[in-house]
Amino acid sequence: MMDLILRGATIVTARGVIEGDVGIEGERIARIGDLGGLPSKRELDLRGLLLLPGAIDSHVHIGLEMFEAKSPDDYYFGSRAAAHGGVTAVMDFTEQIPGESILDSFERKKEWGLRDAVVDFLLHINVTDFTTDYRCDIRRLIDMGVKSFKFFTAYRKRGLMARDDYLYDAMSVIRDTGGIAMVHCENGDIADYLAEKFIDEEKTTPIYHARSRPDFVEAEAISRVLYIAEATGCPVYIVHVSTKKGLEEVRRAKSRGVRVYAETCPHYLFLTEDKLEGEEGFQYIATPPLRKREDSLALWEGIKDGTIDTVATDHAAYSTEQKLLGGKEFHRTPSGLPGTETLLPLLYTYGMSAGEISLSKLAELISGNPARIFGLRDKGRIEEGAHADLVAVDPHKEVLLERDSLHGGTDFCPYHGFKVKGLPVFTMRRGELILDKGQFVGVRGKGSYIYQS
């Protein structure tokens, strides 16, 4: 007898779309097919719904502090937003306090997540203080099953920027121990120079955030980082690729055999820099900044030809009040946009339904590829033996996204006015419903930490 059978689903797999039932025992998928005569303790009728693997948002920031603001999305509110968006696992980041080891930063943030998370979570390790014994800690963490380490080529004034020699050294350690490096790629020195120039000229409105970080700032840093990755042989994941020029650097590196994976974000696919010139331009400040239409079109081509491997959100949800703490000046406004809850419906509506990608490609971008790249052996696919992390979406019902339509800790929706389909009806984490007929039913603290293999 099965614990649960999902009846009559249109099931989206990496190999295609099939009709059938899904039987679940405990945390795992036990059977897929025609389970008509099989008894179960509970059944859900999914006729008319699409069943996809639960989305994995491989780039979120929970409780991120910037300037005087701390993102109001803690693990509970962030999980609630995730469940409404069909996201069953999130990948957050540690924040290393100066003088603190990266191992201690991991234990501190993990404890917070285990206390409050409803969805499963993983922590990428920010490496920002190179005065500590980071080499030893990288080895220890990889032995523990914590294998992804993030570096910045920007934010010198915030103490986050990694010099090229440190990056080369750390990548050599990561290569030898089986991990993966993640890099935020911008030429920080040029970005700082341009920002200071505009501030001196009293050009501080939100559009100057984009003008202080032009496309070549990203492309140069991507090129430099990929040559270091090539020299060390370290696999590298480039976060939030936002420009046509940056994408071309990834494409060139892939063509010469560099082990590189590329991520982009929904706001670079669906929003453009003109948002920064509107009345609410301060709300749209994110880093890298919103780009031009030609960049968005290039990113879609990168998705279709496989240059871009994942779409994640870089979710950093600040309230309007917190965004206004910067007085609408680009250099004092907390940077980031909410995105986890709208990831799946946006890609379903304006990607799959618009004919840009197939359903299987959609599942690959937000489930299969993040699981494969980051070593989540039991997640990211609908197969027997995998975790029962699933989302059933309504392919027909159309909803208008509005400012107060999100379920996290923010009061702002960057996609206000967008009409979307593919909203989750049921979201399931390891066989347990956390969204039931559109209602959040998750339990604080039930989310598990995901170790990487």
Side-chain angles (χ1 to χ4, degrees), residues 59 61 64-66 91-109 122-144 146-193 195 213 216-241 246 249-250 253 258-263 287-288 314 335 373-374 452:
H59 189 159
H61 297 281
L64 180 64
E65 295 187 45
M66 190 177 301
M91 301 188 193
D92 190 15
F93 295 82
T94 62
E95 289 85 39
Q96 189 182 16
I97 298 169
E100 178 186 47
S101 74
I102 57 174
L103 182 59
D104 287 342
S105 72
F106 166 71
E107 295 292 354
R108 176 169 51 81
K109 191 79 178 275
L122 177 155
L123 291 172
H124 305 300
I125 309 300
N126 277 353
V127 186
T128 54
D129 186 346
F130 293 89
T131 66
T132 63
D133 191 1
Y134 65 90
R135 301 174 188 86
C136 179
D137 282 347
I138 285 173
R139 295 185 183 98
R140 291 173 65 188
L141 284 161
I142 288 177
D143 285 344
M144 292 166 55
V146 183
K147 299 190 175 184
S148 44
F149 300 84
K150 186 181 180 184
F151 305 87
F152 298 83
T153 65
Y155 302 129
R156 184 187 298 277
K157 293 181 179 179
R158 291 172 56 192
L160 304 181
M161 186 171 168
R163 291 180 351 204
D164 288 349
D165 55 341
Y166 289 144
L167 190 57
Y168 182 94
D169 181 56
M171 281 189 175
S172 299
V173 176
I174 293 167
R175 172 205 61 206
D176 291 341
T177 46
I180 184 169
M182 309 174 71
V183 189
H184 171 125
C185 291
E186 294 180 290
N187 186 308
D189 290 330
I190 294 177
D192 287 346
Y193 165 79
R213 309 177 103 88
F216 77 88
V217 165
E218 176 179 88
E220 185 279 333
I222 289 176
S223 174
R224 176 162 39 97
V225 165
L226 292 181
Y227 274 110
I228 295 172
E230 184 175 20
T232 60
C234 180
V236 63
Y237 180 96
I238 305 298
V239 298
H240 49 51
V241 177
E249 296 298 334
V250 173
V258 180
R259 297 169 64 192
V260 54
Y261 307 98
E263 163 199 288
T287 308
D314 198 5
S335 180
I373 293 166
F374 293 107
Q452 297 159 270

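Numbering of residues begins at 1 and proceeds along the displayed sequence.
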Kindly indicate whether the side chain of Ile97, heavy atoms from C-beta on, has any atom under 4.5 Å from the side chain of Arg108.
-> yes
Looking only at heavy atoms, what is the nearest atom pair of Asn126 and Thr94, with distance?
-> ND2-O, 2.8 Å
Looking only at atom types and distance, does a side-chain atom of Asp129 sit under 3.5 Å from a main-chain N or O of Gly99, one as donor and one as acceptor?
-> yes
The residue among His59, His184, Glu186 that forms side chain to side chain donor-acceptor pair (under 3.5 Å) with His240 is His184
Please name all residues satisfying ring pair (Phe, Tyr, Trp, His ring centres under 6.0 Å) with Phe130, sequence neighbours left out, ordered by chain then number.
-> Tyr134, Tyr166
Kindly determine whether Asp192 and Lys157 satisfy salt bridge (Lys or Arg N to Asp or Glu O under 4.0 Å), including the steps that lead there.
-> CA-CA 9 Å; Asp192 287 346; Lys157 293 181 179 179; 5.6 Å; no
If only atom types and distance count, is the side chain of Ser223 paired as donor or acceptor with the main-chain N or O of Ala219 below 3.5 Å?
-> no
Taking it one step at a time, do Asp137 and Arg140 satisfy salt bridge (Lys or Arg N to Asp or Glu O under 4.0 Å)?
-> CA-CA 5 Å; Asp137 282 347; Arg140 291 173 65 188; 3.7 Å; yes
Taking all atoms of both residues into account, what is the closest heavy-atom pair of Asp92 and Lys109, and its distance?
-> OD2-NZ, 2.8 Å
Report the distance from atom OG1 of Thr132 to atom CD1 of Ile102, rounding to the nearest 0.5 Å.
-> 6.5 Å
Go through Met66 and Thr287 one step at a time and tell me if the side-chain contact (heavy atoms from CB on, under 4.5 Å) criterion holds.
-> CA-CA 12 Å; Met66 190 177 301; Thr287 308; over 6 Å; no
To the nearest 0.5 Å, tell me how far Ile180 CD1 sits from Met171 CE.
-> 10.0 Å
Any side-chain heavy atom of Pro288 within less than 4.5 Å of one from Arg213?
-> no
Partners meeting ring pair (Phe, Tyr, Trp, His ring centres under 6.0 Å) with Phe151 (sequence neighbours left out) | none
Should Leu123 and Val146 be marked as a side-chain contact (heavy atoms from CB on, under 4.5 Å) after you check the CA-CA gap, both sets of side-chain angles, and the distance that decides it?
-> CA-CA 8 Å; Leu123 291 172; Val146 183; 5.7 Å; no
Write down the atom of Val250, the atom of Leu226, and the distance for their closest heavy-atom approach.
-> CA-CD1, 4.0 Å
Minimal heavy-atom distance between Val225 and Val236, with the atoms involved, is CG1-CG2, 4.3 Å
State whether a side-chain donor-acceptor pair under 3.5 Å links Gln96 with Thr128.
-> yes
With sequence neighbours excluded, tell me which residues meet side-chain hydrogen bond (donor to acceptor under 3.5 Å, both in side chains) with Asn187.
-> Glu220
Atom pair OG/CD1 of Ser105 and Ile125 - distance to nearest 0.5 Å = 5.5 Å
Main-chain N/O of Val258 paired to Glu230 side chain as donor or acceptor, under 3.5 Å = no
Nearest-0.5 Å distance, CD1 of residue Ile142 to CZ of residue Phe149 | 4.5 Å
Heavy-atom pair with the smallest gap, counting every atom of Leu160 and Phe152 | O-CB, 3.6 Å
Nearest 0.5 Å, what's the CG-CD1 distance between Asp169 and Ile228?
-> 11.5 Å
Which heavy atom of Gly246 sits nearest a heavy atom of Glu218, and at what distance?
-> CA-OE1, 3.9 Å
Student check: side-chain heavy atoms of Asp189 and Arg156 closer than 4.5 Å | yes
What distance do Leu103 atom CG and Arg139 atom CZ have between them, rounded to the nearest 0.5 Å?
-> 14.0 Å
